[in-house]
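As a basis for the values below, the full set of heavy atoms in this structure was taken, side chains included, without hydrogen atoms, waters or symmetry mates. Naming convention: chains lettered A, B, ... in sequence-line order (proteins, then strands); numbering from 1 in each chain.
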Amino acid sequence: MVKIKLPGGIEKSFQKNITVRDVSGDDVFKNREPAIAGKLNSRIVDLDFPIESDTTLDLVMPNSNEGMEILRHSAAHLMAQAVTRLYPNAKLGIGPSIKDGFYYDFDLEQTLSQEDLEKIEEEMLKIAEEDLPYKRLEEPRTVAIERMEKANQSYKVELIKGLEDETVSFYQQGDFIDLCKGPHVSSTKNTGVFKLLSLAGAYWRGKETNPMLQRIYGTVFTNKKALAKHLKVLEEIKKRDHRKIGTALDLYSFHDKGGPGLVFWHPKGAAIRNVIETFWRSEHYARGYDILYSPHIAKIDLWKTSGHLDYYKDSMFSPIEVEGQEYILRPMNCPFAILMYQSSLRSYRDLPLRWGELGTVYRYERSGVLHGLLRVRGFTQDDAHIFCRPDQLQDEIEGVLDLALFMLNCFGFDEYEIELAVRGKGNEEKYIGENENWILAEEALTAALNKKQLDFARMEDEAKFYGPAIDIKTKDALGRGWQGPTIQVDFNLPERFDINYIGSDGIQHKVVMLHRTVIGAMERFLGCLIEHHAGNFPLWLAPIQVRVLPISDKFNDYALETKNKLSKAGIRTEVDTKSAKIGFKIREGTLEKIPYLLIVGEKEVEDEAVSVRSRKSGNEGPIPLSQFILRVEDEVRDKA
RNA sequence: GCUGCUGUGGCUCAGGGGUAGAGCACGUCCUUGGUAAGGACGAGGUCAUGGGUUCAAAUCCCAUCAGCAGCUCCA
């Protein structure tokens, strides 16, 4: 007999080697739906797992995180089985469960196409109907290697050889067997509702030098409704794609004749950017920053001193030769701020210096990584460098955190996660700078976060080689994470450039340098904003805030008058004098996602009014123009 | 950079060895219409670029460039 502790503190005795499945039939679980697996002393096992000794048991339910992971992994096996049936020569790579789905990598002679996915999916359905049990078997390493060699599964052989355990486990369903830790669902029939989504190349074990396998991505859920919901989210993501919306709203463009990854900002995109930049500047001035401008290129020696040429060369544009001198297009702004710092002697009384710059930088990104506005080759960072004394570090970090969170909030991001990237224990030599400095910096970063009562995750060994950092990851309307503000302490550049201040003791001390960005890069941030708001920019950012639509051209004059009054109040306004019906003008304005459409006709002229149609709530009826102006001004001020 | 797919008027896309099509947008005219598409006519393309095959290439082949999906990368 074995004693098993069940949920609710109930302990019961069962026959030895009773399976999890059998225990799950016990009265204790009678109100639960069928489990997908069991959890013995927090180790997840198959339903068929025989219980040999006293233990604690809970069930893993299909819709739990753990349950979904099992389901996804089982679906990956199911797919691999289907592929193996259709392409008997397929060599298997790996097939894990991932967020929202699974994939499996195959080495195939023929290249798969989208149509092949449908065939594979059909085969999967067939196998599911065959109701084949997933059976676990264990065998010694050597036998396992032999088995896989015989099956000509060279990748699996490689995997097993990399394992340290003397026994390895396989899972078999019908004619298909695969190396696997498990656990799995009990049968192919229980592999949920799945859909194969996409194809892609993927290097074996993620190494560029390894052969490229064909990866199939799929997703699976316990029921049709959940799958449909997920597919809808994917569709929504596609609809929100900033590349699509950016073109539709005429915000920016790329050009073959311009060059890949180089953004051309159209008037409307530029208008948004301009609002952001103006806001950025005033907010920085208000918080004791000064603002700099510096050139986009500089002599190569500067980049030698900064170390960029050594550490960052692969991401830089090739040098430009002028009058026998090599110049580098800047990939970062920091050396320029340092040159300016060095332009005079600095006293401890001068510090901190908070120097911000909307600095345009150029980076050579490999062609395959470019992606709309999110990954480009020329972009403008909302950069700032803070030069301070060690005793000022914590205050400065708090100030940046304040600013960063304030700005995120203004742009409609209220969810975020904070990470503190620090040195890893045991490999301190990877990092530059004095040990005591690292400790000081880490303490300052931690203290600032604590003082602001911000939750954060400590990320060991995630620091840059030159200093620890705080990274803030924002979440957008669809729950997707974006790289947000970062605050980095830098021990490297002050050393390399030997930048100092004169202390109260009359001797030189090394200055402490902080790099920070709040919104990152204008390009990426705008891409993110587009997707976050699905192109419905909040009023204060909208490139056109109001469009006046005369009912017929008899009212064009009144419409123009209205526009002038709005413009005078600083509201970005247009008039639509096209000779079209009002319905048509409204449709156009709506598609352009303009926050306010003002319809003006006979009634409005008489009453000095405008008929308001807002993006949020549609037709709101007429109000006096003066009142409307107040309303818009309020809303802009509130950044609503 | 790697693998695969794609490249046709400003946009979205159809077609496909015998010298180009639709819708939207654009222009002109008619229409002056009250909350998501009024009508007529018209202009606009060396079918990404360069080679090749062919009597004939936008169509087939190769290369290049660019885009897309991933992989890798992002000190």
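- To the nearest whole angstrom, the two C1' atoms, one in B:rG67 and one in B:rA48, are 11 Å apart.
- Between the CG atom of A:L374 and the C1' atom of B:rG67 there is a distance of 15 Å, given to the nearest Å.
- A:Y217 comes within contact range of the sugar-phosphate backbone alone, with a heavy-atom separation under 4.0 Å but no base atom that close.
- Distance A:L112 CG to B:rU3 C1': 12 Å, rounded to the nearest Å.
- Between A:S367 and B:rG1 there is a side-chain polar atom (N or O) within less than 4.0 angstrom of OP1 or OP2.
- Between A:W204 atom CH2 and B:rU72 atom P there is a gap of 13 Å when expressed in whole angstrom units.
- In this structure, A:S113 reaches neither bases nor backbone, as no heavy-atom distance under 4.0 Å exists between it and the strands shown.
- Across the C1' atoms, B:rG17 and B:rG23 are found 28 Å apart, a figure rounded to whole Å.
- For RNA chain B, the stems formed by at least three consecutive Watson-Crick or G-U pairs, with both atom-pair distances below 3.5 Å, span B:1-7 with B:65-71, B:10-13 with B:21-24, B:26-30 with B:38-42, B:48-52 with B:60-64.
- Residue contacts shown for A:I551 include a base, since a base heavy atom lies under 4.0 Å away.
- Using a 4.0 Å heavy-atom cutoff across all strands shown, A:G368 reaches at least one base atom of the nucleic acid.
- Aromatic ring pairs are classed by plane angle as parallel below 30°, tilted from 30° to 60° and perpendicular above 60°; the pair A:H532 and A:F413 is parallel.
- Nearest nucleotide to the A:I582 side chain, out of B:rC2, B:rG67, B:rG34: B:rG34.
- For the pair A:K585 NZ and B:rA25 P, the computed distance is 15 Å after rounding to whole Å.
- Distances shorter than 4.0 Å separate some side-chain N or O of A:H371 from OP1 or OP2 on B:rA69.
- The nearest pair of heavy atoms linking A:F317 to A:I328 is O-CD1, 4.4 Å.
- Which of B:rC71, B:rA66, B:rU72 sits closest to the side chain of A:E208 comes down to B:rU72.
- A:R215 forms a cation-pi arrangement with A:Y103, by the criterion of a distance under 6.0 Å to the ring centre and an angle within 45° of the ring axis.
- Note on A:S579: a base of the nucleic acid sits closer than 4.0 angstrom, heavy atoms only.
- Residue A:T590 is in base contact, counting any heavy-atom pair closer than 4.0 Å across all strands shown.
- Between the CG atom of A:L199 and the C1' atom of B:rC68 there is a distance of 14 Å, rounded to whole Å.
- Below the 3.5 angstrom threshold, one finds no donor paired with an acceptor across the side chain of A:R215 and the base of B:rU3.
- At a threshold of 4.0 angstrom between heavy atoms, the contacts of A:D553 include nucleobase atoms, whether or not backbone atoms are also involved.
- With hydrogens and angles left out, the side chain of A:T111 and the base of B:rU3 share no donor-acceptor pair within 3.5 Å.
- Under 3.5 Å, the side chain of A:Y203 and the base of B:rG1 form at least one donor-acceptor pair of N or O atoms.
- More than 12 heavy atoms of other shown residues, nucleotides or ligands fall within 6.0 angstrom of atom NZ in A:K585.
- One finds no salt bridge joining A:R363 and A:D314 here, because no Lys/Arg side-chain nitrogen approaches an Asp/Glu carboxylate oxygen to under 4.0 Å.
- Between A:R243 and the phosphate of B:rC11, there is no side-chain N or O to OP1/OP2 separation shorter than 4.0 Å.
- Between the P atom of B:rG70 and the NZ atom of A:K238 lies a distance of 10 Å, rounded to the nearest Å.
- Annotation: of the two residues near RNA chain B, A:Q214 and A:K207, the 5′-most nearest-nucleotide partner is A:Q214.
- Here the P atom of nucleotide B:rC68 and the CG atom of A:L370 are 8 Å apart, to the nearest Å.
- Residues A:L370 and A:R377 have side chains in contact (heavy-atom distance under 4.5 Å, counting atoms from C-beta outward).
- If you find the closest nucleotide of RNA chain B to A:R205 and to A:K581, the one lying nearer the 5' end belongs to A:K581.
- Taken residue by residue, residues 591-609 of chain A places heavy atoms nearer than 4.0 Å to RNA chain B at A:L591, A:I599, A:G601, A:E602, A:K603, A:E604.
- Annotation for A:E109: atom CD does not count as buried by contact number, only 12 or fewer foreign heavy atoms lying within 6.0 Å.
- With hydrogens and angles left out, the side chain of A:R375 and the base of B:rC73 share a donor-acceptor pair within 3.5 Å.
- Between A:D576 atom CG and B:rG33 atom P there is a gap of 16 Å when expressed in whole angstrom units.
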